[in-house]
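Small disclaimer: the values here were computed from a predicted structure and weren't measured. Each residue takes its place number in the sequence, starting with 1.
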Amino acid sequence: MRRRARKRLLIILTAMAVVGGGVYVFFSPTFVLSEITIAGNSRISDDEISRGLPFEIGDHILFLRKSSAKETLIADDRIAKCEIHRRYPNKVDIVIEEMTPVLLLSSGKIWGLSKKGTALPIKSSYEIPNL
């Protein structure tokens, strides 16, 4: 009889610990996104990238949809690849690989042309790559 009571007590305490831990994780301000770091971008500004993300600072880090964020970023013709990493408890890192021009076009303004045929705006002469 005592053995059964101890076993029930252990099961109840374990369940309470699991539920309590879950409640803490979901409602704790520890897991609220506080920083988004963007790296690898030279021609696209951080603000342009941040505006296209389906999440923002203040969202819960466990509810971020990395796949939809990646799809949104890849939809921009200037971005070749991107990686999104969660850094627990409250940070996200985004690594961008931009399309690089392989040909320069001049039509009143200088444009770069990528291997895929995407026109890439070049804002200053410092951005002109060595082709």
Side-chain angles (χ1 to χ4, degrees):
M1 183 74 172
R2 280 186 165 182
R3 230 177 177 179
R4 244 186 215 171
R6 284 184 191 165
K7 192 173 184 180
R8 284 183 187 164
L9 180 64
L10 182 63
I11 290 172
I12 290 171
L13 289 175
T14 304
M16 288 175 58
V18 168
V19 169
V23 168
Y24 171 75
V25 167
F26 286 119
F27 294 110
S28 171
T30 305
F31 295 98
V32 172
L33 184 62
S34 67
E35 181 182 340
I36 300 173
T37 306
I38 301 171
N41 55 327
S42 60
R43 288 185 288 279
I44 306 171
S45 70
D46 289 352
D47 288 337
E48 286 180 284
I49 294 170
S50 295
R51 274 187 253 127
L53 295 173
F55 54 82
E56 59 188 20
I57 290 178
D59 291 348
H60 198 284
I61 195 164
L62 295 179
F63 300 130
L64 302 181
R65 297 190 58 204
K66 293 188 333 181
S67 60
S68 65
K70 190 172 183 177
E71 288 172 8
T72 303
L73 291 174
I74 293 294
D76 187 339
D77 292 333
R78 301 171 292 173
I79 298 175
K81 294 179 187 175
C82 75
E83 294 180 13
I84 300 173
H85 303 283
R86 290 182 181 131
R87 274 194 302 148
Y88 291 104
N90 58 0
K91 295 177 181 161
V92 172
D93 295 329
I94 300 172
V95 181
I96 301 288
E97 184 180 316
E98 294 180 345
M99 293 276 196
T100 55
V102 294
L103 181 70
L104 293 178
L105 302 172
S106 179
S107 62
K109 183 179 175 186
I110 298 176
W111 291 80
L113 193 65
S114 71
K115 285 183 181 180
K116 293 182 179 181
T118 305
L120 306 169
I122 296 179
K123 295 175 185 169
S124 72
S125 58
Y126 295 111
E127 290 183 22
I128 298 175
N130 295 331
L131 301 178

* CG-CH2 distance between Leu103 and Trp111, expressed to the nearest 0.5 angstrom -> 14.0 Å

* Asked: Can you name the closest pair of heavy atoms from Phe31 and Val25 and give their distance?
  -> CD1-O, 3.6 Å

* Side-chain heavy atoms under 4.5 angstrom apart, residues restricted to Ile, Leu, Val, Met, Phe, Trp, Tyr: same cluster for Val18 and Leu10? -> no

* To do: Write down the atom of Ser50, the atom of Ile38, and the distance for their closest heavy-atom approach.
  => OG-CD1, 3.6 Å

* Asked: What's the verdict on side-chain contact (heavy atoms from CB on, under 4.5 Å) for Ile79 and Ile44, showing C-alpha distance, side-chain angles and the deciding distance?
  -> CA-CA 9 Å; Ile79 298 175; Ile44 306 171; 3.6 Å; yes

* Asked: Is the number of heavy atoms from other residues, nucleotides or ligands under 6.0 Å of Lys109 NZ greater than 12?
  -> yes

* Asked: Is it true that Phe55 and Val95 fall in one hydrophobic cluster, defined by side-chain heavy atoms closer than 4.5 Å?
  -> no

* Structure fact -> Nearest heavy-atom contact between Thr100 and Arg43 is CA-NH2, 3.8 Å

* Structure fact -> Residues pairing under salt bridge (Lys or Arg N to Asp or Glu O under 4.0 Å) where one sits in residues 21-32, two or more places apart or in two chains, turn out to be none

* To do: Starting at CG of Leu33, measure out to CZ of Arg86 and round the result to the nearest 0.5 Å.
  => 10.0 Å

* Would you say the side chain of Asp93 lies within less than 4.5 Å of the side chain of Arg87, judging by non-hydrogen atoms? -> yes

* Kindly compute the distance separating NZ (Lys70) from NZ (Lys81), expressed to the nearest 0.5 Å. => 9.5 Å

* Structure fact -> In terms of heavy-atom contacts, Ile61 and Pro89 come closest through CG2-O, 3.4 Å

* Structure fact -> Taken in chain and number order and not counting sequence neighbours, the residues that satisfy ring-ring contact (aromatic ring centres under 6.0 Å, His included) with Phe26 are Phe63

* Asked: Within a strict 4.5 Å, meaning less than it, do heavy atoms of the Leu53 and Thr72 side chains meet?
  -> no

* Measure across Glu98 and Gly40 and return the closest heavy-atom pair with its distance rounded to 0.1 Å. => CG-O, 4.2 Å

* Please go through Leu120's hydrophobic cluster and name the other residues, only I, L, V, M, F, W, Y counting, with side-chain heavy atoms under 4.5 Å joining them. => Met99

* Structure fact -> In this structure, OG of Ser45 is separated from CZ of Arg51 (nearest 0.5 Å) by 6.0 Å

* Asked: Taking all atoms of both residues into account, what is the closest heavy-atom pair of Ser34 and Ile57, and its distance?
  -> O-CD1, 3.8 Å

* Could you go through the side-chain contact (heavy atoms from CB on, under 4.5 Å) check for Ile74 and Cys82 one step at a time? => CA-CA 7 Å; Ile74 293 294; Cys82 75; 4.1 Å; yes

* Structure fact -> salt bridge (charged side-chain N to carboxylate O under 4.0 Å, His left out) filter on Glu48, not counting sequence neighbours, yields Arg78

* **Summary of salt bridge (Lys or Arg N to Asp or Glu O under 4.0 Å) pairs that have at least one residue in residues 59-69, sequence neighbours excluded** => none

* **Ile96 CD1 to Leu73 CG distance, which is reported to the nearest 0.5 Å** => 5.0 Å

* To do: Go through the steps for Leu104 and Leu113 under the test side-chain contact (heavy atoms from CB on, under 4.5 Å), then give the verdict.
  => CA-CA 6 Å; Leu104 293 178; Leu113 193 65; over 6 Å; no

* Asked: Do Ile84 and Val92 have side-chain heavy atoms sitting under 4.5 Å apart?
  -> yes

* Asked: Do Tyr88 and Leu64 share a hydrophobic cluster, counting only Ile, Leu, Val, Met, Phe, Trp and Tyr and linking them when any side-chain heavy atoms are less than 4.5 Å apart?
  -> yes

* Hey, any chance Val32 and Tyr24 share a hydrophobic cluster, counting ILVMFWY side chains that come within less than 4.5 Å of each other, even indirectly? -> no

* Partners passing side chain to side chain donor-acceptor pair (under 3.5 Å) against Asp46 (at least two apart in sequence or in another chain) -> Asn41

* Asked: Distance only, no hydrogens: is a donor on one side chain within 3.5 Å (strictly under) of an acceptor on the other, for Thr118 and Asp77?
  -> no

